[in-house]
Protein chains: 2
Amino acid sequence: MKPFHSYQNPSLAVDLAVFGYSKQTLSVLLLNRKEEPFKDRWVLPGAFLQMEERFKDTCSRVLKTKLGMDDVYLEQLYSFDEPDRDPRGRAISVAHYALVNPARVAIAAGSMANDVSWFNINELPALGFDHDIIFQQALQRLRSKITYFPVGFELLDDLFTMPELHELYECILDTSIDRRNFRRKILDSEYIINTGKKREGSQNRHPDLYKFNKKLKKNSFQINI
Amino acid sequence: MKPFHSYQNPSLAVDLAVFGYSKQTLSVLLLNRKEEPFKDRWVLPGAFLQMEERFKDTCSRVLKTKLGMDDVYLEQLYSFDEPDRDPRGRAISVAHYALVNPARVAIAAGSMANDVSWFNINELPALGFDHDIIFQQALQRLRSKITYFPVGFELLDDLFTMPELHELYECILDTSIDRRNFRRKILDSEYIINTGKKREGSQNRHPDLYKFNKKLKKNSFQINI
DNA sequence: TATCTTTGCGTCAGATTAACACAAAGAGTA
DNA sequence: TACTCTTTGTGTTAATCTGACGCAAAGATA
């Protein structure tokens, strides 16, 4: 299908800030480019829109084919339109961010495997294109979102303990949060449910296992960490 | 310049939810379409991106040429990509919202004049395209934003009174707010400055005139209405 | 049984907020 | 001038929320 107005449109792409949390570290997934421009530089994964694709379709395609991931939390972030953001020509990027549990996704071990890697968000290399800016904005959005909406569980296993959730928040917000006050706020918000089970194996007291409360009314949720 | 990858791109446009506040009413600017599709229906103003234009450029062009407006507050909202949102073919819209003071902008009295009109946001007709959705999202964003960031003054005159600001908040948030508590929060936030002058002419006590504090550090601002 | 660490639960003072009282200012009117 | 009516500016108080912290229960080890 041709565009129905006169001038030649810019290229249209999505870029993805894929966040993962593992071993008390928040990481982002980067791709090592094998072609110009920005050959050998690390960039956010992305792709051009294909015929009839919606943004989320393109994102899912990238997540599936390049990274072997299915069913991840995805949110549109912002559209970037600096004319010179891609040296090949005018290209517009509709940036998204994704939250995944790295334990659940095995990065596809294909030919790409060596070109994809998790990076601690505090130890990022300089990225190609305008991806530094996109990443910073994604991180800011994640930090803002998690303080008032329960997206944290997207990064954890189905069952998780209170100390695990607590550490996740401290890690994402890069601040220390009083353990006991955190517990109270989270429990008051009713966004998690105590399963009655306990996480076994640790040396000390075995913490309760919680699960996310899926019946939570979307608008009733409000924490202020 | 041609796009540097293989397939034919969708059309790219911006749509604008232009909010105005006047006489204790929050309004949005609508355009009456004179062509198919959606002939004779009201829609948000918008335009296709022209060569080398950035989103904000296109927005400014629409505001200037169709509405005769300059220098308005503008913020990117969201990008809409439903494949059938435009019956003419695939078109992507990067929606923005704008805040203007209707008293300061005279809607251009050209051939378009009869086709442009302010509508009370509570009395909107059914809009063409997917503009109902875009508008609702814009309204939601405005409501959310105004509770934590001082954008209200964009809708008012340079000098305004506390009751005027108070009414604006009540109108936008569609709720009643205790006058005295509101005053305290706003003053504590230091985002407005008492000019010492008073608004004359009213029958009763003459209220103080305030102005926006432009030296306010962007990140220090935080109200919770 | 004692010790060490982690986890769960509770307390309390200080800060914030909501609800409300009241006086001052301005204009009209007897 | 004195009184009324309405609006605006300021303060008070009780309820609520938040941050800081104490302490005991649970589990493993010595």
Side-chain angles (χ1 to χ4, degrees), chain A residues 23-24 146-150 152-153 156-157 159-171 173-211 213 220-225, chain B residues 23-24 146-150 152-153 156-157 159-171 173-211 213 220-225:
Chain A
K23 292 177 192 138
Q24 299 171 43
I146 206 173
T147 59
Y148 69 88
F149 199 77
F153 69 93
L156 297 173
D157 294 336
L159 298 183
F160 51 87
T161 67
M162 188 62 77
E164 283 164 6
L165 190 64
H166 177 237
E167 266 166 3
L168 172 68
Y169 272 74
E170 287 195 330
C171 181
L173 297 175
D174 192 27
T175 181
S176 75
I177 303 168
D178 184 278
R179 176 179 73 81
R180 292 148 290 185
N181 293 335
F182 176 82
R183 155 186 286 276
R184 186 187 50 210
K185 288 183 187 180
I186 295 290
L187 290 178
D188 285 354
S189 80
E190 295 181 329
Y191 103 72
I192 62 175
I193 298 171
N194 193 327
T195 63
K197 298 175 207 160
K198 292 182 185 293
R199 164 102 62 223
E200 313 281 339
S202 70
Q203 191 171 9
N204 302 307
R205 180 167 180 172
H206 296 171
D208 297 351
L209 281 168
Y210 292 87
K211 64 178 178 181
N213 180 1
S220 77
F221 184 77
Q222 178 67 18
I223 33 176
N224 279 81
I225 303 296
Chain B
K23 294 176 190 137
Q24 299 171 41
I146 206 173
T147 59
Y148 69 88
F149 199 78
F153 69 94
L156 297 174
D157 294 337
L159 297 183
F160 51 87
T161 68
M162 188 63 78
E164 284 163 8
L165 191 64
H166 177 237
E167 266 165 4
L168 172 68
Y169 272 73
E170 287 196 330
C171 180
L173 297 175
D174 192 28
T175 181
S176 74
I177 304 168
D178 184 278
R179 176 178 72 82
R180 294 148 290 185
N181 293 334
F182 175 82
R183 155 186 286 278
R184 177 172 41 80
K185 287 185 188 181
I186 294 291
L187 290 178
D188 286 353
S189 80
E190 295 182 328
Y191 102 73
I192 62 175
I193 298 171
N194 193 327
T195 63
K197 298 175 206 158
K198 292 182 185 296
R199 163 103 61 225
E200 313 282 338
S202 68
Q203 192 172 10
N204 302 308
R205 180 169 180 169
H206 297 170
D208 296 351
L209 282 167
Y210 292 86
K211 63 178 179 182
N213 179 2
S220 77
F221 184 79
Q222 178 68 20
I223 33 175
N224 279 81
I225 303 298

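Note on naming: letters A, B, ... go to the chains in the order of the sequence lines (proteins, then strands), and numbering restarts at 1 for each one.
Considering CG of Leu168(B) and CZ of Phe153(B), their distance stands at 11.5 Å, rounded to 0.5 Å.
Atom CD of Glu164(A) is separated from atom P of dT6(C) by 14 Å (rounded to the nearest Å). One can place CD1 of Ile177(B) at 17 Å from P of dC20(C), the figure rounded to the nearest angstrom. In this structure, Glu200(A) places its CD atom 12 Å from C1' of dA26(D), rounding to the nearest Å. Between the C1' atom of dT29(C) and the CD atom of Gln203(B) lies a distance of 11 Å, rounded to the nearest Å. Here dT16(C) presents its P atom at 19 Å from CZ of Phe182(B), a figure rounded to the nearest Å.
Considering every non-hydrogen atom in both Arg199(B) and Phe160(B), the closest pair reads NH2-CA, 4.1 Å.
The shortest side-chain heavy-atom distance between Thr161(B) and Leu209(B) falls under the 4.5 Å cut-off. Side-chain contact check for His166(B) versus Ile186(B): every heavy-atom pair is 4.5 Å or farther apart.
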Where along nucleotides 8-20 of chain D does protein come under 4.0 Å, by heavy atom, of base (B) or sugar-phosphate alone (S), with - for untouched nucleotides?
BBBB-------BB

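Heavy-atom neighbours of Lys198(B) NZ from other residues, nucleotides or ligands within 6.0 Å: above the threshold of 12.
In terms of modelled atom types and a separation under 3.5 Å, the side chain of His206(B) and the main chain of Lys197(B) share no donor-acceptor contact.
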